[in-house]
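Report on the following structure.
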Amino acid sequence: MTDITIIGSGNMARAIGTRAVAAGRSVQVLNRTPDNAAKLAADLGANTTSGGLSEVPEGDIVVLALYFGPAKEVATHFGDTLSGKTVVEISNPIDTETFDSLVVAPGTSAAEEIAALLPGARVVKAFNTTFAGPLGAGAAGGLPVDVFIASDSEEARNDVAAFAEAAGLRPIQVGGLRHARELEGFEQLVMALQVNPAYPTFNWGTSLKIID
């Protein structure tokens, strides 16, 4: 039995996979290019398998560790196969030419668009406010990385929160899936700071933290 399926093999897939293995979870890595999935699975080590998109996602939690466009393609590809599963959508639908706007229409979000493609799944917005470096390490500035979690399913929010906590992260549940709009909008500002020459030390290594 696989606990978590990660679709993708890039930096965020590696970071989430690293935290999953640290939490003692079994992991399945799937990717359009199976060789890339196999390489990441080998790097993650024990209790990790891999395959292509012809494979069935086995995890109860399925993480779309993809940019927004590919995430939509994968959601369409798997469709009802993901019904009953908790699907974590991590993307930030940002115009990367300017970093000054989102590419989704006002009043919606990437997560809500993915949810519309997967009506049988419990879609969760999470990990979009975490960059790969701090996430893979599990901490930034000596403090656990915060993971903001939004979903219309309380059960799914709790499942992702339990995973994040077991992985050494701090889950913060923010409510229904519509709050993905604020999470994506806020991260747009954070991403813009990474490419702002006024802040040369940021370099995609910052982390959002609520101090209490």
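The model shown is predicted, which means the values in this text are computed figures rather than measured ones.
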Sequence neighbours excluded - ring-ring contact (aromatic ring centres under 6.0 Å, His included) pairs with any residue from residues 86-132: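 ring-ring contact (aromatic ring centres under 6.0 Å, His included) check on residues 86-132 returns Phe131-Trp204.
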
Hydrophobic cluster partners of Ile211 (side-chain heavy atoms under 4.5 Å):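 Grouped by the 4.5 Å side-chain rule, Leu143 form the rest of the cluster around Ile211.
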
Roughly how far, to the nearest 0.5 Å, is [atom2] of [Y] from [atom1] of [X]?
X: Lys125; Y: Asp152; atom1: NZ; atom2: CG; answer: 13.5 Å
X: Leu64; Y: Leu118; atom1: CG; atom2: CG; answer: 7.5 Å
X: Glu55; Y: Leu30; atom1: CD; atom2: CG; answer: 6.5 Å
X: Ile61; Y: Thr86; atom1: CD1; atom2: OG1; answer: 6.0 Å
X: Ile149; Y: Ile172; atom1: CD1; atom2: CD1; answer: 8.5 Å
X: Arg25; Y: Asp60; atom1: CZ; atom2: CG; answer: 9.0 Å

Is the closest side-chain donor-acceptor distance between [X] and [Y] under 3.5 Å?
X: Thr2; Y: Gln28; value: no
X: Gln173; Y: Asn158; value: yes
X: Thr206; Y: Gln194; value: yes

Checking [X] side chain against [Y] main chain: does a donor-acceptor pair fall under 3.5 Å?
X: Asn128; Y: Asn92; result: no
X: Ser151; Y: Ser153; result: yes
X: Lys85; Y: Gly120; result: no

Is it true that, when you exclude [X] itself, more than 12 heavy atoms of the residues, nucleotides or ligands shown sit nearer than 6.0 Å to its [atom1]?
X: Asn36; atom1: CG; value: yes
X: Asp100; atom1: CG; value: yes
X: Phe186; atom1: CZ; value: no

Cluster link [X] to [Y], ILVMFWY, side chain under 4.5 Å:
X: Leu169; Y: Ile16; value: yes
X: Leu135; Y: Val29; value: yes
X: Leu183; Y: Phe68; value: yes
X: Phe148; Y: Val63; value: no
X: Leu193; Y: Leu102; value: no

Ile7 and Leu53: CA distance, side-chain angles, deciding distance, side-chain contact (heavy atoms from CB on, under 4.5 Å) verdict: CA-CA 8 Å; Ile7 302 178; Leu53 297 188; 4.0 Å; yes

Within-4.5 Å side-chain heavy-atom neighbours: Thr81 and Pro57: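 The answer is yes; the side chains approach within 4.5 Å.
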
Contact check, side chains of Leu208 and Glu187, non-hydrogen atoms, under 4.5 Å: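 In contact.
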
salt_bridge(Lys39, Asp35) N-O dist < 4.0 Å: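 Between Asp35 and Lys39 there is no salt bridge, as every charged N stays at least 4.0 Å from the carboxylate O atoms.
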
side-chain contact (heavy atoms from CB on, under 4.5 Å) between Thr130 and Met12, intermediate numbers included: CA-CA 9 Å; Thr130 60; Met12 284 297 291; 3.8 Å; yes

Salt bridge (Lys or Arg N to Asp or Glu O under 4.0 Å): pairs with one or both residues in residues 154-174, sequence neighbours excluded: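 Listed once each, the pairs are Asp146-Arg170, Arg170-Asp212.
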
Asn31, Leu66, Thr33 screened by side chain to side chain contact (heavy atoms under 4.5 Å, CB included) with Ser9, the one that passes: Asn31

